[in-house]
There are 2 protein chains.
Amino acid sequence: MNGDTDGSARDGAANGAARGPADGGPGLRERKRRRTHAAISDAAIALFLEHGFQQVPVARVAEAAEVSKRTLFAYFPTKEDLVLHRIADHETEIARTVRARPPGTAPLAAVRAHFLRGLGERDAITGLSDHPQVRRLYRMILDTPSLVAGMERFKASAERALAEALRETADTPETTARFAAAQIVAVHWALAQDNAERLAYGETADARYAGAVTDAEHAFALLANGLGDLPRGG
Amino acid sequence: MNGDTDGSARDGAANGAARGPADGGPGLRERKRRRTHAAISDAAIALFLEHGFQQVPVARVAEAAEVSKRTLFAYFPTKEDLVLHRIADHETEIARTVRARPPGTAPLAAVRAHFLRGLGERDAITGLSDHPQVRRLYRMILDTPSLVAGMERFKASAERALAEALRETADTPETTARFAAAQIVAVHWALAQDNAERLAYGETADARYAGAVTDAEHAFALLANGLGDLPRGG
DNA sequence: GGATATTTCTGCACCGGGTGTATGTTTGCA
DNA sequence: TGCAAACATACACCCGGTGCAGAAATATCC
């Protein structure tokens, strides 16, 4: 949960790997950068979890991290990113799953298997992690419109990445790739959100697990077999 | 395009239909409200189209509409709503289509037919309207992140509405309804966005029409028959 | 071990969106 | 005609975010 694999927003020289002085490993500058980045992020999360996202002005976060407001915004482009940068790594996860699937596997089957395995491992991306930190994070995000909006950006970006993966590895026409990606991401997201919502308010991961699996299998079956036989009604 | 069927944001008494004095039609108060609402909206659109959304501060819109900034925000909760309120009516359109479908029709078939008809009529909701105003509006929205984000909110709300319609009229279990709704809305949206994007930059509606129909049929076929037979690759 | 170029941090002033409040001004209604 | 409710306004304010100029730190060269 402290997956600060960020390497973020510096605009200076295009330094491929930011090595240190005379190339003897990460230099002092870089180490300080990382510490500052982490300090700001940690202060932010702690304050937000305690008082609520909207209630804490960025100025107070900067103060807690012993950094100027100006510096804070040099590390994180927006207030929302103080929270969401921790999730950013996962935005291409579905696409990567499709790319890494064993030969002869259908893309959808790969995503399905990955999701089900994630449920078993209580991977945060499935919405089924009930580590207290993660749970409070789910809740905070779900309760904060601007954070939800931020998540939607990830969704869009996951969609693009998946479409590209489908085009390249499944030799799918562009339109097919786009529509399929839209469907898959939408459903994946709905599943995770549903789980997260339930865990955010009390339900335990173990208690939810069976239902989560059922729902996931159901949803992926719909994706695979189509909506053609929905009841007609009337 | 001036579809101000808004009836918007007043917080006072819960007046069902806001009739006028002694019920002789809309009173002076209500008429003034509507005029002010329209004046603000029109001034906003005009200024935004001319100078760009980000470039025009709300204060200038208020000034142009001869209204105080405070009043502007009494009519429109956010700057984005100055643009998006014109589209808000359509957020339940898919759900309404499903509800109004002839007995014995599959929900998906109804949505499909509705969309194809929309294409033929160059309905703005399909992204295939090339009235110059609409075209510039598409472009402005697509070029403005905060407006795109605002559209995502509509998408979410369209999804909820559709899920409910499916549950109620197709007697679908809640989970099925949610997943199906997510898929349908995602694809519907992708289709419209694709059209709008092309028209925003030059392509004419007539030139795009055939392709739009092909894409739509293809996408709805995917929805109906499932993603099970995507190429496996490898 | 400096002297220097470069990056980073900081304070400060500023912009723009949005809100609370107190005080008019209009309108509805009796 | 007079009163209550709704509405508009000005003003001061908060907060997120940016531009800028200068100070502090770090890397580099000698």
Side-chain angles (χ1 to χ4, degrees), chain A residues 8-15 18-37 39-40 44 48 52-63 65-83 144-147 149-150, chain B residues 8-15 18-37 39-40 44 47-48 51-63 65-83 144-147 149-150:
Chain A
S8 75
R10 216 67 214 136
D11 11 61
N15 47 357
R19 297 245 131 217
D23 219 17
L28 177 54
R29 193 158 259 169
E30 187 59 19
R31 274 179 288 148
K32 267 202 171 175
R33 271 199 76 64
R34 285 207 248 268
R35 252 186 297 151
T36 307
H37 184 91
I40 297 174
F48 291 158
F53 184 79
Q54 320 245 32
Q55 278 60 52
V56 180
V58 279
R60 202 185 305 283
V61 174
E63 191 187 5
E66 299 183 286
V67 155
S68 77
K69 195 177 88 171
R70 208 66 187 69
T71 298
L72 185 152
F73 281 114
Y75 282 83
F76 299 91
T78 68
K79 187 185 185 185
E80 284 72 30
D81 282 286
L82 287 168
V83 175
T144 310
S146 73
L147 289 176
Chain B
S8 76
R10 216 70 213 131
D11 9 61
N15 47 358
R19 294 247 130 218
D23 219 15
L28 176 54
R29 189 159 265 171
E30 187 59 21
R31 274 179 288 150
K32 265 200 174 175
R33 273 199 71 68
R34 284 208 247 269
R35 251 186 299 153
T36 307
H37 184 92
I40 297 174
L47 285 172
F48 291 157
H51 305 289
F53 184 78
Q54 320 245 34
Q55 279 59 51
V56 180
V58 280
R60 204 185 305 283
V61 174
E63 191 186 6
E66 299 184 284
V67 158
S68 77
K69 195 177 87 170
R70 206 69 186 69
T71 298
L72 185 154
F73 281 114
Y75 282 83
F76 299 91
T78 69
K79 187 185 185 186
E80 284 73 29
D81 282 286
L82 287 169
V83 175
T144 310
S146 73
L147 289 176

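Remember, it's a predicted structure, so these values are computed and weren't measured experimentally. Residue numbers start from 1 in every chain, and the chains themselves are labelled A, B, ... in the order their sequence lines are given, proteins ahead of strands.
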Separation of atom [atom1] in [X] from atom [atom2] in [N], rounded to whole Å:
{"X": "A:L28", "N": "C:dC9", "atom1": "CG", "atom2": "P", "result": "11 Å"}
{"X": "A:R34", "N": "C:dT7", "atom1": "CZ", "atom2": "P", "result": "18 Å"}
{"X": "B:F48", "N": "C:dG16", "atom1": "CZ", "atom2": "P", "result": "13 Å"}
{"X": "B:I40", "N": "D:dC7", "atom1": "CD1", "atom2": "P", "result": "13 Å"}
{"X": "A:E63", "N": "C:dG11", "atom1": "CD", "atom2": "P", "result": "11 Å"}
{"X": "A:L72", "N": "C:dC9", "atom1": "CG", "atom2": "C1'", "result": "13 Å"}
{"X": "A:R33", "N": "C:dT6", "atom1": "CZ", "atom2": "C1'", "result": "14 Å"}

Is [X] close enough to [N] that one of its side-chain N or O atoms is under 4.0 Å from OP1 or OP2 there?
{"X": "A:K32", "N": "D:dT26", "result": "yes"}
{"X": "A:Y75", "N": "C:dT8", "result": "no"}
{"X": "B:T71", "N": "D:dA8", "result": "no"}

ask   = Does the C:dT26 base have a donor-acceptor partner in the side chain of B:R29 within less than 3.5 Å?
value = yes

key: Criterion side-chain contact (heavy atoms from CB on, under 4.5 Å) on B:V61 and B:F48, from CA distance to verdict   = CA-CA 9 Å; B:V61 174; B:F48 291 157; 4.0 Å; yes

Nucleic acid footprint by protein, nucleotides 14-20 of chain D - heavy-atom cut-off 4.0 Å, B for base, S for sugar-phosphate alone = -SBBBBB

message = Does A:Q54 have more than 12 heavy atoms from other residues, nucleotides or ligands lying within 6.0 Å of its CD?
response = yes

ask   = Where is the tightest heavy-atom contact between A:S146 and A:E80, given as atom of each residue plus distance?
value = OG-OE2, 3.0 Å

request  = Please confirm whether B:K79 makes a cation-pi placement over B:F73, using NZ or CZ under 6.0 Å from the six-membered ring centre and within 45° of the ring normal.
outcome  = no

task = Find the distance between CZ (B:R60) and NE2 (B:H51) and round it off to the nearest 0.5 Å.
result = 7.5 Å

query = So how far is it from A:H37 NE2 to A:L72 CG, rounded to the nearest 0.5 Å?
reply = 10.5 Å

request  = Run the numbers on A:T36 and A:R33 for side-chain contact (heavy atoms from CB on, under 4.5 Å), then give the verdict.
outcome  = CA-CA 5 Å; A:T36 307; A:R33 271 199 76 64; 5.9 Å; no

